[in-house]
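Have a look at the structure below before the remarks.
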Amino acid sequence: MLGLLKVIVVVAVIAVVGGLATHWVKGKASSEFHHAIDTSLPSELTGHPWAPVSHGKPVATARVRFDNGRVTSRRCHTVLGTYAVAITHHFSFQAQKGQLKAGCPGRQLRAALSHATRVDFSTHGSIEELTFTNDKDHVVATLQARAA
């Protein structure tokens, strides 16, 4: 009888540890997969206007919109350049040639996006955030928007 009780306890412990390990591996794999491939990333980019972050705060007057492969300044309706984004988070940007109109924001963002090779999307409460990094994994630009 005592031997049977030991076997039952050992089997229960193995089942609990196995269940916890399975849950942890499943969550970790899902998180890593989402970090590497995000099929909704292109639509997240085009969802609404984005404000560049400067000193931890979004600059609303410098908002831009990603749409149909173009990045456009919302204030001046000027194309800053063209972009391509893949579900693997790969990002490329080609700056529009020529000078921006005086008083039109976007010069710094245009320069920063020219160095970006990757974009990541995250949500923090009601704030959505795009983080652009270069090939050395340094952040070159951060944009924020309110979640819809």
Side-chain angles (χ1 to χ4, degrees), residues 9-148:
V9 168
V10 168
V11 169
V13 168
I14 289 172
V16 168
V17 170
L20 290 173
T22 301
H23 180 70
W24 181 80
V25 167
K26 189 176 174 182
K28 184 75 170 165
S30 174
S31 172
E32 290 300 318
F33 178 77
H34 182 70
H35 185 69
I37 296 175
D38 184 359
T39 56
S40 67
L41 183 60
S43 63
E44 299 289 357
L45 232 62
T46 60
H48 40 67
W50 295 91
V53 175
S54 179
H55 304 293
K57 302 210 186 251
V59 182
T61 58
R63 282 189 305 246
V64 295
R65 189 176 238 348
F66 292 84
D67 195 24
N68 293 323
R70 298 184 321 187
V71 181
T72 307
S73 168
R74 298 287 292 161
R75 182 173 171 191
C76 304
H77 306 289
T78 301
V79 176
L80 301 179
T82 57
Y83 76 95
V85 65
I87 60 172
T88 57
H89 297 260
H90 178 75
F91 180 84
S92 62
F93 179 81
Q94 180 65 43
Q96 186 79 13
K97 301 227 185 277
Q99 294 290 328
L100 292 175
K101 294 182 255 180
C104 184
R107 185 171 288 124
Q108 289 178 327
L109 182 60
R110 183 170 67 172
L113 291 179
S114 295
H115 299 289
T117 58
R118 180 178 171 81
V119 61
D120 285 304
F121 174 80
S122 60
T123 303
H124 309 284
S126 66
I127 302 294
E128 293 179 341
E129 191 168 89
L130 295 173
T131 305
F132 295 87
T133 53
N134 62 15
D135 56 353
K136 294 180 177 146
D137 206 28
H138 294 120
V139 175
V140 294
T142 303
L143 304 177
Q144 285 185 351
R146 292 266 178 216

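For clarity, every value in this text was computed on a predicted model and none was experimentally measured. All values below come from the heavy atoms of this structure, side chains included, with hydrogens, waters and symmetry mates left out.
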Which residues pass the side chain to side chain contact (heavy atoms under 4.5 Å, CB included) test with Thr123, not counting sequence neighbours? Phe121, Glu128
Spatial distance of atom CD (Gln94) from atom CZ (Arg70) [nearest 0.5 Å]: 15.0 Å
Which heavy atom of Tyr83 sits nearest to which heavy atom of Leu45, and what is that distance? CE1-CD2, 3.6 Å
For Ala86, the side chain to side chain contact (heavy atoms under 4.5 Å, CB included) test, sequence neighbours excluded, returns Thr88, His90
Got a second to check how far Leu109's CG is from Leu143's CG, nearest 0.5 Å? 5.5 Å
List the residues meeting side chain to side chain contact (heavy atoms under 4.5 Å, CB included) with Arg63, not counting sequence neighbours, and say none if there are none. Pro49, Ala51, Ala60, Arg74
For a side-chain hydrogen bond (donor to acceptor under 3.5 Å, both in side chains) check, start with the C-alpha distance between Arg65 and Thr72, then their side-chain angles and the critical distance, and finish with the verdict. CA-CA 5 Å; Arg65 189 176 238 348; Thr72 307; over 6 Å; no
Pair listing, disulfide (SG to SG under 2.5 Å) test, anchored in residues 89-118, at least two apart: Cys76-Cys104
For Ser114, which residues count as a side chain to side chain contact (heavy atoms under 4.5 Å, CB included) partner, sequence neighbours excluded? Phe93, Ala95
N/O donor to acceptor pairs below 3.5 angstrom from side-chain atoms of residues 129-140, sequence neighbours left out:
from, atom 1, to, atom 2, distance (Å)
Glu129, OE2, Gln144, NE2, 3.0
Asn134, OD1, Lys136, N, 3.0
Asn134, OD1, Asp137, N, 3.2
Asn134, OD1, His138, N, 2.9

When you look at Leu113 and Phe91, which way does the side-chain contact (heavy atoms from CB on, under 4.5 Å) test go after all the steps? CA-CA 9 Å; Leu113 291 179; Phe91 180 84; 4.2 Å; yes
Quick one: OG on Ser73 to CD on Gln96, what's the gap to the nearest 0.5 Å? 12.5 Å
When you measure from the side chain of His89 to the backbone N and O of Arg118, does any donor-acceptor pair fall under 3.5 Å? no
Roughly how far, to the nearest 0.5 Å, is CZ of Arg75 from OG1 of Thr61? 5.5 Å
Under the rule for side-chain hydrogen bond (donor to acceptor under 3.5 Å, both in side chains), what residues qualify as partners of His124, not counting sequence neighbours? Ser122
